[in-house]
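In what follows, a structure is listed as structure tokens, so that the remarks can point back to it.
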Amino acid sequence: METLGYLIDGFGVALAPHNLMFALIGAFLGTLIGALPGLGPANGVAILIPLAFTLGLPPETALIMLTSVYAGAMYGGRISSILLNIPGDEPAMMTCLDGYPMAQKGKAAEALAISAIASFMGSLIATIGLILLAPLLAKFALTFGPAEYFALFVLAFATLGGITGKNPVKTILAAAIGLMIATVGIDSTGTQRYTFGVLELYEGVDFIIAIVGLFAISELLFFIESRAGGGKGPMKVNKLSLSWKEIGSIFPTTLRGGVLGFISGVLPGAGASLGSFISYTLEKKVLGSKGRFGEGDPRGVAAPEAGNNGASSGALVPMLTLGVPGSGTTAVLLALLISMNITPGPMMFTQNADIVWGVIAALLVGNFLLLLLNIPLVGIFVKLLSVPPKYLLPIVTMVAFVGIYSISNSAFDLYFMVAFGVAGYILRKLEIPLVPIILGLLLGPEMEKNLGHALTISNGEWSVLWSSGLSITLWALAIIGLVLPVVVGPVLRRRMRAAQENVD
């Protein structure tokens with residue numbers, strides 16, 4: 001009953017006219033961003049964070065808008081998958097397998113509608129799971145001491161690459177770079193570290209500047225390099241003719257996919273890519289010879305869409321309750337919260353209950369808004385795929401620069417952002433992931449603080465870090481998280497590539 005009361009209060013926040021308006025704007029912009037091949041939700045949220053500061057939005061409104069962008073980008077990723085056979089991001093790859101064949105058969109509208117319905121169901125199931133699980137996990141997290149939190153942060157870094165991650169060594173290297181950047185500034189004892197006499201570095205590196213540079217500016221550089229000439233246009237979308245019987249046939253698929261996706265989102269290192277893959281694979285096994293997977297089966301579109309959207313909402317659980325992001329996009333959202341002097345974690349459910357439950361209620365409202373937007377307005381989103389990048393680039397650049405300058409009114413921050421952008425471009429060329437850098441930058445100070453507290457309590461005894469059953473469990477999970485990508489990852493990636501090649 002307590003949870004229900006909090007949720008009702010959350011709807012009071014989410015349904016406030018200005019919050020509802022920004023949820024709608026976020027859902028619309030997120031879908032547009034998701035429709036652009038290669039951008040993805042993490043880049044989309046990073047690009048629009050400066051907009052939240054420029055508009056001077058309060059924390060709950062900013063978070064509602066950007067979580068709506070997150071959800072919208074997960075919806076939008078299916079558009080280029082179905083119409084161009086180009087995944088909007090990695091989780092949308094499995095949607096290509098049956099979505100594109102449906103489009104080739106003149107059923108593009110039906111494929112887009114089915115994916116929207118499946119995305120809605122997956123997100124709805126995961127949001128209900130978030131409502132039920134998050135308060136319980138938050139209460140459990142109150143038992144954590146500094147040693148347990150340090151082990152939790154190690155677990156977060158160990159599982160960063162995910163099971164489908166390409167190179168665990170590069171992931172660890174990226175995390176180390178992020179932790180090194182986090183040491184810049186004046187530490188708790190008043191000692192300057194790596195400031196080189198630059199006054200602007202005394203307070204450390206502003207992670208909002210780092211995020212916008214690494215994600216948004218580096219993505220602009222990639223656009224200039226690889227997409228300046230445009231590309232093939234999307235297929236024409238036929239008139240929608242989807243019966244209630246066809247909708248009913250995908251209902252069991254979306255239920256299974258939503259549950260699997262939510263579990264993948266909550267588990268460290270799993271994520272939306274795995275949620276999408278296992279949802280598709282399970283559905284293929286459940287239906288067996290009854291399915292026509294790879295040939296344009298509607299259930300082959302519904303399963304991965306329910307899975308990846310379920311995972312995106314599930315990833316909010318560890319971010320809100322433990323302060324540890326479950327995905328790249330939630331790492332960006334974590335940075336937004338910290339920059340607004342809000343500490344994610346178990347205490348957030350008591351100290352900032354209005355924000356937490358307002359965002360959760362907004363996810364429910366946003367799912368309905370996205371369903372209403374995505375079916376009747378799909379033609380608008382499709383036309384965006386034909387817009388040359390030369391018209392989009394100046395808008396994105398302007399939002400990034402104006403937003404960053406509005407935070408501090410410092411030209412140094414603009415130069416710093418561009419420097420991070422160039423560094424991000426080089427790192428991506430070297431196939432070094434950016435999310436671990438951001439996570440190292442975000443969690444580094446808290447990790448250092450908890451390590452210091454644990455050693456102070458134990459008079460310098462390092463054994464305190466694995467002295468409790470909970471900390472031993474977290475260390476064990478961290479070891480498993482390091483080993484699994486090496487053992488299981490290559491197998492999963494081969495199967496995903498093989499499934500894609502069979503359709504191509």
So do the side chains of L255 and M121 get within less than 4.5 Å of each other, counting heavy atoms only? yes
Minimum-distance pair of heavy atoms, taken over all atoms of T127 and N367: OG1-ND2, 3.7 Å
To the nearest 0.5 Å, what is the distance between CG (L336) and CD1 (I49)? 5.0 Å
Backbone of V13 reached by a side-chain donor or acceptor of N19 within 3.5 Å: yes
Using side-chain heavy atoms (C-beta onward) and a distance below 4.5 Å, is T329 in contact with V69? no
Do V212 and P50 touch side chain to side chain, with heavy atoms closer than 4.5 Å? yes
Treating E448 as the side-chain partner and P445 as the backbone partner, does any N or O pair qualify as donor plus acceptor under 3.5 Å? no
Working note: Y70 + T330, criterion side chain to side chain contact (heavy atoms under 4.5 Å, CB included); need CA distance, chi angles, decisive distance, verdict. CA-CA 9 Å; Y70 180 20; T330 51; 4.0 Å; yes
Quick one: are the ring centres of F120 and F368 less than 6.0 Å apart? yes
Nearest heavy-atom approach of G72 to L370 is CA-CD2, 3.6 Å
Hey, what's the ring geometry for W475 with F150, parallel, tilted or perpendicular (30° and 60° as the breaks)? tilted
In the structure I gave you, are the side-chain heavy atoms of L434 and S218 within less than 4.5 Å of one another anywhere? yes
Atom pair CE (M65) and CG (L55), whose distance is rounded to the nearest 0.5 Å: 6.5 Å
Which class fits the ring pair Y149 and F153: parallel under 30°, tilted 30 to 60°, perpendicular over 60°? tilted
Sidechain-backbone polar pair: N352 side chain, M348 backbone, donor-acceptor under 3.5 Å: no
Side chains of T95 and P304: closer than 4.5 Å at any heavy-atom pair? yes
Taking OH in Y202 as the centre, count heavy atoms belonging to other residues, nucleotides or ligands within less than 6.0 Å. Is the count above 12? yes
What heavy-atom pair brings T183 and M180 nearest, and what distance separates the two atoms? OG1-O, 2.5 Å
Test your reading of the model: is there a side-chain donor-acceptor pair from S468 to the backbone of S471, 3.5 Å cut-off? yes
Kindly indicate, with the supporting measurements, whether the criterion side chain to side chain contact (heavy atoms under 4.5 Å, CB included) is fulfilled by I131 and L7. CA-CA 8 Å; I131 292 168; L7 186 59; 4.0 Å; yes
Return yes if a side-chain donor-acceptor contact under 3.5 Å exists between E283 and T253, otherwise no. yes
Would you confirm whether T61, through its side chain, and L57, through its main-chain N or O, come within 3.5 Å as a donor-acceptor pair? no
